[in-house]
Chemist: 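Have a look at this one.
The structure presented is a predicted model; accordingly, all values stated were derived computationally and were not measured. Convention: sequence-line order gives letters A, B, ...; per-chain numbering from 1.
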Number of protein chains: 2
Amino acid sequence: MGFQETFKALSDPTRREILHILRDGAKTAGEIGSHFSMTGATISHHLSVLREAGLVIDDKRGKCIYYELNLSVLDEITGWIAGLRGESSDEK
Amino acid sequence: MGFQETFKALSDPTRREILHILRDGAKTAGEIGSHFSMTGATISHHLSVLREAGLVIDDKRGKCIYYELNLSVLDEITGWIAGLRGESSDEK
DNA sequence: GCATTATTTAGAATTTCATCTAAATATCAG
DNA sequence: CTGATATTTAGATGAAATTCTAAATAATGC
């Protein structure tokens, strides 16, 4: 929740790529991690940042945790940008 | 320029507020700074981050430097977000 | 219960960032 | 040229972020 968390979450290239990877459906943390040359712990950290920003939701199924996009939060961002373009938005 | 710089520039609340302040026209660095309780040096730093990201352009007129919004860069951001929503964008 | 697999948490190392003070640069008015 | 004003640059500091290794948690299969 909140602009700050969303913008911060989006400001890291790894996290943006994670979102991109999730475009075509939910994936486990392990599957997501296999796209990167980072430890699973690091990926887990990025996923928690994305989760706290509301950009992904997690779904525990058995041994695995599936992550899935939640794009509704991005409406705030596009709204803020629209506000910069002459609309009267009061958001900072 | 490029995504990374733009997202990073937008991830700071002071910089987002600067953009907001510039919605209704160009302002000098000093005028911008007067909205904040930070030193001019700090504001100057934020302005340089925004300038390097292409989000503002500066215009030196006499003793002052006027800063002005340059919103075209934001098209990349909205395009990236649109790409997350099922469009086939290759951008990371 | 024990070993294995999937993921997270804790703690530390390194880097990056926001901010400050002080000094530098540039422009204008006498 | 000198002084005043506007802004930037340089260097320092503390806080936050990214990443790692190692340990902890949770679920499955024998």
Chemist: Calculate the interatomic distance between B:D59 atom CG and C:dT27 atom P; express it in whole Å.
Modeler: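 In whole Å, C:dT27 P and B:D59 CG are 13 Å from each other.
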Chemist: According to a strict under-4.0 Å criterion, is B:Y67 in side-chain N/O contact with OP1 or OP2 of D:dT8?
Modeler: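 So the side chain of B:Y67 is within the cut-off, an N or O lying under 4.0 Å from OP1 or OP2 of D:dT8.
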Chemist: Measure CE/A:M38 against P/D:dT19 and give the value in whole Å, please.
Modeler: 4 Å
Chemist: Using atom CG of B:L10 as one end and atom C1' of C:dC17 as the other, report the distance to the nearest whole Å.
Modeler: 16 Å
Chemist: In whole angstroms, how far is the P atom of C:dC17 from the CD atom of A:Q4?
Modeler: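 That distance rounds to 14 Å.
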Chemist: How many angstroms lie between atom CD of B:E31 and atom CG of B:L22, to the nearest 0.5 angstrom?
Modeler: 10.0 Å
Chemist: Under 4.0 Å between any heavy atoms, over every strand shown, what does A:H46 touch: base, sugar-phosphate, or nothing? Just pick one.
Modeler: sugar-phosphate
Chemist: When you get a sec, tell me which of D:dT18, D:dT7, C:dT21 is the closest nucleotide to the side chain of B:A41?
Modeler: C:dT21
Chemist: Regarding A:R85 and B:D75, does a basic nitrogen lie under 4.0 Å from an acidic carboxylate oxygen?
Modeler: yes
Chemist: Nearest heavy-atom pair of B:I43 and B:G33: which atoms, and what distance?
Modeler: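 Looks like CG1-CA, 3.9 Å.
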Chemist: Give a yes/no on whether any side-chain N or O of B:T39 is located under 4.0 angstrom from OP1 or OP2 of C:dT19.
Modeler: no
Chemist: With a 4.0 Å limit, can you tell me whether A:T42 has a side-chain N or O closer than that to the phosphate oxygens OP1/OP2 of D:dT18?
Modeler: no
Chemist: Calculate the interatomic distance between B:R15 atom CZ and C:dC17 atom C1'; express it in whole Å.
Modeler: 8 Å
Chemist: Can you figure out which of D:dT8, C:dT19, D:dT21 approaches the side chain of B:H45 most closely?
Modeler: C:dT19
Chemist: With sugar-phosphate meaning primed atoms plus P, OP1 and OP2, does A:R61 contact a base, only sugar-phosphate, or nothing at under 4.0 Å between heavy atoms?
Modeler: nothing
Chemist: Using every non-hydrogen atom in the two residues, find where B:T28 and B:C64 come nearest and quote the distance to one decimal.
Modeler: CG2-CB, 3.7 Å
Chemist: What contact category does A:Y66 fall into here, base, sugar-phosphate, or nothing, at under 4.0 angstrom with non-hydrogen atoms?
Modeler: nothing
Chemist: State which of C:dT7, D:dT8, D:dT19 makes the closest approach to the side chain of A:C64.
Modeler: C:dT7
Chemist: When you get a sec, tell me which of D:dT7, C:dT7, D:dC20 is the closest nucleotide to the side chain of A:T28?
Modeler: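 Closest nucleotide among those given: C:dT7.
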Chemist: Side chain of B:K8 only, please: which of C:dC17, D:dT21, C:dT21 is the nearest?
Modeler: C:dC17
Chemist: How long is the line joining CG of A:D12 and P of C:dT15, in whole Å?
Modeler: 17 Å
Chemist: Would you check, one step at a time, whether the test side-chain contact (heavy atoms from CB on, under 4.5 Å) holds for A:K8 with A:E52?
Modeler: CA-CA 11 Å; A:K8 267 276 159 60; A:E52 277 157 35; over 6 Å; no
Chemist: Nearest to the A:K60 side chain among D:dT19, D:dA27, D:dC20, which nucleotide is it?
Modeler: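 Out of D:dT19, D:dA27, D:dC20, the nucleotide with an atom closest to A:K60's side chain is D:dA27.
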Chemist: Measuring from the side chain of B:K63 (C-beta onward, heavy atoms only), which nucleotide among C:dC28, C:dC20, C:dA18 has the closest atom?
Modeler: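 Minimum distance to the B:K63 side chain belongs to C:dC28.
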Chemist: Could you check whether A:G40 gets within reach of a base, just the sugar-phosphate, or nothing at all, counting any heavy atom under 4.0 Å?
Modeler: base
Chemist: So what does A:F36 touch, heavy atoms closer than 4.0 Å: a base, only the sugar-phosphate, or nothing?
Modeler: nothing
Chemist: Under 4.0 Å from OP1 or OP2 of D:dT8: is there any side-chain N or O of B:S44 that close?
Modeler: yes
Chemist: Tell me the interatomic distance from A:I43, atom CD1, to D:dT21, atom P, rounded to whole angstroms.
Modeler: 13 Å
Chemist: Do A:D58 and A:K60 meet the salt-bridge criterion of a basic N to acidic O distance under 4.0 Å?
Modeler: no
Chemist: Roughly, in whole Å, what's the span from CD1 in B:I32 to C1' in D:dT8?
Modeler: 14 Å
